[in-house]
Amino acid sequence: MGKKILLTFVGIGASFGGIVLFYLFLISLNDHGNILLLLGILLLFGLAVYLFIYVTKEKSNNEVMSIYSITKEAAEKNFAAKTKLVNEYEKIDDSRNKLKMLEAAGASASDATNK
């Protein structure tokens, strides 16, 4: 965690240094500019972007281990819960289909009595 914070501050410092060099480059344009300042700007901004991306993508060992630390018991419990939900859905779906058939039969019976 301390490494991430340090790299973040280094990235902020690099971007601030790039801004300062950009200001100096703009001031030196009156005297035909200094191309080395432009090179320094690109390097500092490139470093800042790289550090920010590196810090956001880096995972600590605890985060990596927690992703893969699922136990067999937890997996079985999760599977049982999902199986229970599927069974409940099948019961509900069967009941819905039976009600639709009864409704259709009732509608056809009422049509037959009306004719």
Side-chain angles (χ1 to χ4, degrees):
M1 185 67 176
K3 181 181 176 183
K4 286 184 179 183
I5 294 172
L6 178 67
L7 290 177
T8 302
F9 283 123
V10 170
I12 291 170
S15 61
F16 182 72
I19 292 170
V20 169
L21 283 182
F22 182 69
Y23 175 73
L24 292 175
F25 176 73
L26 289 178
I27 290 174
S28 70
L29 283 179
N30 291 335
D31 301 327
H32 302 295
N34 187 356
I35 198 70
L36 292 178
L37 289 176
L38 190 58
L39 182 65
I41 293 167
L42 292 175
L43 287 175
L44 285 176
F45 276 126
L47 175 68
V49 169
Y50 172 76
L51 287 175
F52 289 144
I53 291 173
Y54 178 76
V55 166
T56 58
K57 297 292 181 184
E58 181 181 318
K59 289 191 175 195
S60 66
N61 290 336
N62 293 338
E63 292 173 7
V64 173
M65 291 303 291
S66 67
I67 291 172
Y68 298 112
S69 66
I70 188 166
T71 62
K72 185 176 180 181
E73 294 82 21
E76 289 174 355
K77 183 178 177 182
N78 190 11
F79 181 73
K82 288 183 180 183
T83 304
K84 181 181 174 185
L85 285 174
V86 168
N87 291 336
E88 287 178 13
Y89 175 76
E90 287 175 352
K91 288 179 185 177
I92 292 171
D93 194 40
D94 289 340
S95 299
R96 184 180 59 123
N97 289 338
K98 288 178 185 177
L99 285 174
K100 282 185 179 181
M101 286 190 288
L102 288 173
E103 183 181 329
S108 65
S110 66
D111 287 342
T113 57
N114 289 339
K115 289 184 181 181

Over 12 non-hydrogen atoms of neighbours within 6.0 angstrom of CD in Glu88: yes

Tyr50-Val55 co-clustered via ILVMFWY side chain contacts under 4.5 Å: yes

Rounded distance (nearest 0.5 Å) linking atom CG of Leu47 with atom OH of Tyr54: 13.0 Å

Ignoring hydrogens and angles, write down the donor-acceptor pairs under 3.5 Å from the side chains of residues 8-31, residues two or more places apart or on other chains.
| residue | atom | partner | partner atom | Å |
| --- | --- | --- | --- | --- |
| Thr8 | OG1 | Lys4 | O | 2.7 |
| Ser15 | OG | Gly11 | O | 3.3 |
| Ser15 | OG | Ile12 | O | 2.8 |
| Ser28 | OG | Leu24 | O | 3.3 |
| Ser28 | OG | Phe25 | O | 2.9 |

hydrophobic_cluster_shared for Leu44 and Leu37, side chain cutoff 4.5 Å: yes

Inter- and intrachain pairs under side-chain hydrogen bond (donor to acceptor under 3.5 Å, both in side chains), touching residues 73-87, at least two apart: none

Listed partners of Asp93 passing side-chain hydrogen bond (donor to acceptor under 3.5 Å, both in side chains), at least two apart: Arg96

Joint hydrophobic cluster, Ile35 plus Leu39, side-chain heavy atoms closer than 4.5 Å: no

